[in-house]
Peer 1: 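The structure follows.
Note: hydrogens, waters and symmetry copies are ignored here, and every other heavy atom, side chains too, is used.
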Amino acid sequence: MRSMLFVPGDSERKLEKSLQSGADALIVDLEDSVAPASKEAARKVAAGFLSARTRDTGPALYVRVNDFTTGLTDDDLAAVIAARPDGIMLPKSASGHDVTRLSVKLRVHEAEAGLDDGVIRIIPLITETAAGLLAAGTYDASLPRLVGVTWGAEDLSADVGARTARDANGRFTEVFRLARAMTILAAAKAQTLAIDTVFTDFRDMEGLRTECLEAERDGFSGKLAIHPAQVPVINEAFTPSAEAIGEAEAIVAAFAGAGDVGVVGIGGKMYDRPHLRRAERLLARAQA
C-alpha cells in the first residue's frame with residue numbers, strides 16, 4: 001500500500017468522495033476526526049459505507065478504532081466487523097501485546113459474523129506514546145494479522161510535552177526522528193510494511209514530495225494522507241520507477257544465471273546478496 005487516506009467516519013459525503021481519490025487504502029476514522037458526541041453516529045455511517053462497497057474493486061478499506069484506554073474499542077468493533085473491513089488500524093498501540101489483544105477480539109467478532117478466521121488485518125500506530133515507542137521491538141512475524149506498522153508524531157508530542165514535532169525548517173526534531181527510525185526497524189523485525197506518518201500541511205506539495213522521497217529512500221513502502229490532494233504525490237513517490245525496476249530485474253537475472261554464488265558483476269559493478277534481496281523487495285512492491 002503506497003497511500004492510505006484518512007476519512008472522517010461520520011461524513012457520508014467525504015467517504016463517498018474518497019473512493020475517487022486514487023488511494024490504495026482508505027482509513028475510515030472513528031477516532032481523532034470524530035467528536036465524542038458523534039461516535040455512535042459515525043459507527044453507523046462507517047458500517048453502512050463498508051457494507052455498500054464493491055468487494056473486488058476500489059481501495060482497501062480500514063477502520064481506525066478508538067484506542068483501548070478510551071473504553072470505546074469494543075463498541076467500534078461490534079459496529080463495523082460484520083461489514084467486513086479489510087483491516088483495523090489500532091491507535092496508541094502500547095506493544096505487540098496490544099495487537100494480540102485486538103486479534104483475540106477480532107476472532108470472536110469474525111466468528112459471530114460468519115467471517116473466515118483471520119480475514120481482518122491489523123496496522124498499529126506504534127509511536128503515539130513514549131511507552132509505545134520504547135516497545136517498538138515487541139512486534140514480530142509471529143503476529144499473523146499484522147500487515148504493517150506506522151507511526152504518529154502529534155500524539156507523541158503531547159505525551160512527551162514537546163511544543164512541536166518539527167523545527168523551523170519543517171524537519172522532525174530528534175525525538176520524532178527516533179520514532180520514525182524505530183518504525184522502520186520494527187517493520188523489518190516483524191517482516192511487514194513500514195508506513196510513514198502524515199504530512200499535515202496539505203497545501204505544501206513540494207514539502208510532501210520531499211518527505212515522501214526521503215521516506216521511500218529509507219525503507220518506507222507508503223505514507224498516510226490527510227487530504228485527497230496528497231494522494232497522487234504519495235503514489236508517484238512510492239511507485240518504483242522504470243529505471244529502478246530495470247536495474248532490479250537485471251540483478252535478479254544475473255544471480256539466477258550465475259547459480260549459487262555470492263557476488264555477480266553487471267556493467268563493471270559488483271552486486272552481492274544484500275543487493276539481490278533489495279532488488280527482490282523492490283520488484284515485489286512494483287508488482288503489488
Peer 1: Quick one: do the Ser93 and Tyr139 side chains pair a donor with an acceptor below 3.5 Å?
Peer 2: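 The answer is yes; a qualifying pair exists.
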Peer 1: Applying side-chain hydrogen bond (donor to acceptor under 3.5 Å, both in side chains), name anything that partners Thr173, two or more places apart in sequence or on another chain.
Peer 2: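 Listed in chain order: nothing, the list is empty.
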Peer 1: Quick check: does any side chain N or O of Asp29 sit under 3.5 Å from a backbone N or O of Glu31, one acting as donor and the other as acceptor?
Peer 2: yes
Peer 1: Look up atom CG in Asn66 and atom CG in Asp76, then write down how far apart they are to the nearest 0.5 Å.
Peer 2: 4.5 Å
Peer 1: Could you tell me which residues satisfy side-chain hydrogen bond (donor to acceptor under 3.5 Å, both in side chains) with Arg273, sequence neighbours excluded, listed by chain and number?
Peer 2: none
Peer 1: Using distance only, find each side-chain donor-acceptor pair of residues 219-234 under 3.5 Å and give its atom names and separation, not counting sequence neighbours.
Peer 2:
{"unit_1": "Ser221", "atom_1": "OG", "unit_2": "Ala194", "atom_2": "O", "d": "3.3"}
{"unit_1": "Lys223", "atom_1": "NZ", "unit_2": "Asp196", "atom_2": "OD2", "d": "2.8"}
{"unit_1": "Lys223", "atom_1": "NZ", "unit_2": "Thr197", "atom_2": "O", "d": "2.6"}
{"unit_1": "Lys223", "atom_1": "NZ", "unit_2": "Glu211", "atom_2": "OE2", "d": "3.0"}
{"unit_1": "His227", "atom_1": "ND1", "unit_2": "Ala229", "atom_2": "N", "d": "3.0"}
{"unit_1": "Gln230", "atom_1": "OE1", "unit_2": "Ile226", "atom_2": "N", "d": "2.9"}
{"unit_1": "Gln230", "atom_1": "OE1", "unit_2": "His227", "atom_2": "N", "d": "3.4"}
{"unit_1": "Gln230", "atom_1": "NE2", "unit_2": "Phe199", "atom_2": "O", "d": "2.8"}

Peer 1: Roughly how far, to the nearest 0.5 Å, is OG1 of Thr150 from CZ of Arg180?
Peer 2: 11.5 Å
Peer 1: Give the minimum heavy-atom separation between Ala190 and Leu146, together with the two atoms involved.
Peer 2: CB-CD2, 3.9 Å
Peer 1: For the OG atom of Ser21 and the CG atom of Leu5, what is their distance to the nearest 0.5 Å?
Peer 2: 5.0 Å
Peer 1: Return the set of residues passing salt bridge (Lys or Arg N to Asp or Glu O under 4.0 Å) with Arg107 (not counting sequence neighbours), or none when no residue passes.
Peer 2: Asp117
Peer 1: Do Lys105 and Asp74 meet the salt-bridge criterion of a basic N to acidic O distance under 4.0 Å?
Peer 2: yes
Peer 1: Verify the neighbour count for atom CD of Glu12: are there more than 12 heavy atoms of other residues, nucleotides or ligands below 6.0 Å?
Peer 2: no
Peer 1: Are the side chain of Ser51 and the backbone N or O of Gly48 linked by a donor-acceptor pair below 3.5 Å?
Peer 2: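 Looks like no, no N/O pair under 3.5 Å.
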Peer 1: In this structure, which one of Ile123, Val28, Leu90, Ile27 forms a side-chain contact (heavy atoms from CB on, under 4.5 Å) with Arg64?
Peer 2: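 Answer after filtering Ile123, Val28, Leu90, Ile27: Ile27.
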Peer 1: Considering only Ile, Leu, Val, Met, Phe, Trp and Tyr, and joining two whenever side-chain heavy atoms are under 4.5 Å apart, list the other residues clustered with Leu213.
Peer 2: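 None; Leu213 is a cluster of one.
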Peer 1: Taking all non-hydrogen atoms of both residues, which atom of Pro124 and which atom of Gly148 are closest, and how far apart?
Peer 2: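 Residues Pro124 and Gly148, closest heavy atoms: CD-O, 3.1 Å.
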Peer 1: Run the side-chain contact (heavy atoms from CB on, under 4.5 Å) test on Lys92 and Asp155 for me, step by step, so that the C-alpha distance in whole Å, both residues' side-chain angles and the decisive distance to 0.1 Å come before the verdict.
Peer 2: CA-CA 8 Å; Lys92 299 179 181 65; Asp155 285 284; 3.3 Å; yes
Peer 1: Is atom CZ of Arg203 surrounded by more than 12 heavy atoms (other residues, nucleotides or ligands) closer than 6.0 Å?
Peer 2: no
Peer 1: Please enumerate all residues that pass side-chain hydrogen bond (donor to acceptor under 3.5 Å, both in side chains) together with Glu112, with sequence neighbours excluded.
Peer 2: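 Per chain and number, Glu112 pairs via side-chain hydrogen bond (donor to acceptor under 3.5 Å, both in side chains) with no residue.
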Peer 1: Under 6.0 Å from the NZ atom of Lys14, do we count more than 12 heavy atoms belonging to anything else shown?
Peer 2: no
Peer 1: Treating Ile, Leu, Val, Met, Phe, Trp and Tyr as nodes and any side-chain heavy-atom pair under 4.5 angstrom as an edge, say whether Met1 and Phe6 lie in one connected cluster.
Peer 2: yes
Peer 1: Decide whether Thr129 and Asp159 meet the rule of one side-chain donor and one side-chain acceptor closer than 3.5 Å.
Peer 2: no
Peer 1: Salt bridge or not for Arg177 and Asp167, using N-O below 4.0 Å?
Peer 2: no
Peer 1: First locate atom CG of Leu30, then atom CG of Leu77, and finally report the distance between them rounded to the nearest 0.5 Å.
Peer 2: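 It comes to 9.5 Å.
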Peer 1: Quick one: salt bridge (Lys or Arg N to Asp or Glu O under 4.0 Å) partners of Asp67, sequence neighbours excluded?
Peer 2: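 Listed in chain order: nothing, the list is empty.
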Peer 1: Would one find more than 12 heavy atoms of other residues, nucleotides or ligands at under 6.0 Å from atom CD of Glu236?
Peer 2: no
Peer 1: Tell me if a side-chain donor or acceptor on Thr183 pairs with a main-chain N or O of Ala179 at a distance below 3.5 Å.
Peer 2: yes
Peer 1: Check whether any side-chain heavy atom of Val63 sits under 4.5 Å from a side-chain heavy atom of Pro85, and report yes or no.
Peer 2: yes
Peer 1: In the single-linkage hydrophobic clustering (I, L, V, M, F, W, Y; side-chain heavy atoms under 4.5 Å), do Val65 and Tyr62 co-cluster?
Peer 2: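 No.
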Peer 1: How far does CG of Leu72 sit from NZ of Lys39, to the nearest 0.5 angstrom?
Peer 2: 6.5 Å
Peer 1: What about Val147 and Val99, same hydrophobic cluster or not, with Ile/Leu/Val/Met/Phe/Trp/Tyr joined at side-chain heavy-atom distances under 4.5 Å?
Peer 2: no
Peer 1: Apply side-chain contact (heavy atoms from CB on, under 4.5 Å) to residues Val149 and Leu193 and explain how you reach the verdict.
Peer 2: CA-CA 6 Å; Val149 295; Leu193 301 177; over 6 Å; no
Peer 1: At their closest point, which heavy atom of Asp10 faces which heavy atom of Ser38, and how far apart are they?
Peer 2: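 Heavy atoms only, the tightest pair is OD2-CB, 4.0 Å.
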Peer 1: Below 4.5 Å, heavy atoms only, C-beta onward: do Leu156 and Val160 meet side chain to side chain?
Peer 2: yes
Peer 1: When hydrophobic residues are tied together by side-chain contacts of less than 4.5 Å, even through go-betweens, does Met89 share a cluster with Ile120?
Peer 2: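 Met89 and Ile120: separate clusters.
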Peer 1: Could you name each residue pair satisfying ring pair (Phe, Tyr, Trp, His ring centres under 6.0 Å) that touches residues 153-196, not counting sequence neighbours?
Peer 2: Trp151-Phe172
Peer 1: Identify all side-chain donor-acceptor contacts of residues 246-271 below 3.5 Å with residues at least two apart in sequence or on another chain.
Peer 2:
none

Peer 1: To the nearest 0.5 Å, how far apart are CG in Leu143 and OG in Ser103?
Peer 2: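 It comes to 6.5 Å.
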Peer 1: Quick test of your reading: applying ring pair (Phe, Tyr, Trp, His ring centres under 6.0 Å), list the pairs with at least one residue in residues 232-253, sequence neighbours left out, ordered by first then second residue.
Peer 2: none
Peer 1: Suppose we screen for salt bridge (Lys or Arg N to Asp or Glu O under 4.0 Å). Which residues come up paired with Arg209, at least two apart in sequence or across chains?
Peer 2: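 If we apply the salt bridge (Lys or Arg N to Asp or Glu O under 4.0 Å) test to Arg209, skipping adjacent residues, the hits are Glu206.
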Peer 1: Taking the side chain as everything from C-beta on, heavy atoms only, tell me whether Asp75 gets closer than 4.5 Å to Arg43.
Peer 2: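 Contact flag for Asp75/Arg43 side chains = yes.
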Peer 1: Step by step, work out the side-chain contact (heavy atoms from CB on, under 4.5 Å) result for Met4 and Ile195.
Peer 2: CA-CA 9 Å; Met4 301 188 74; Ile195 302 165; 3.8 Å; yes
Peer 1: Report whether Leu102 and Val119 are members of the same hydrophobic cluster (ILVMFWY, side-chain heavy atoms less than 4.5 Å apart, transitive linking).
Peer 2: yes
Peer 1: How close do Ala113 and Ala82 get, heavy atom to heavy atom, and via which atoms?
Peer 2: CB-CA, 3.9 Å
Peer 1: Verify side-chain contact (heavy atoms from CB on, under 4.5 Å) between His275 and Asp272, making sure each step is shown before the conclusion.
Peer 2: CA-CA 5 Å; His275 290 102; Asp272 56 16; 2.8 Å; yes
Peer 1: Can you sort out the partners of Arg145 under side-chain hydrogen bond (donor to acceptor under 3.5 Å, both in side chains), two or more places apart, ordered by chain and number?
Peer 2: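 With sequence neighbours excluded, Arg145 shows a side-chain hydrogen bond (donor to acceptor under 3.5 Å, both in side chains) to Glu110, given in chain and number order.
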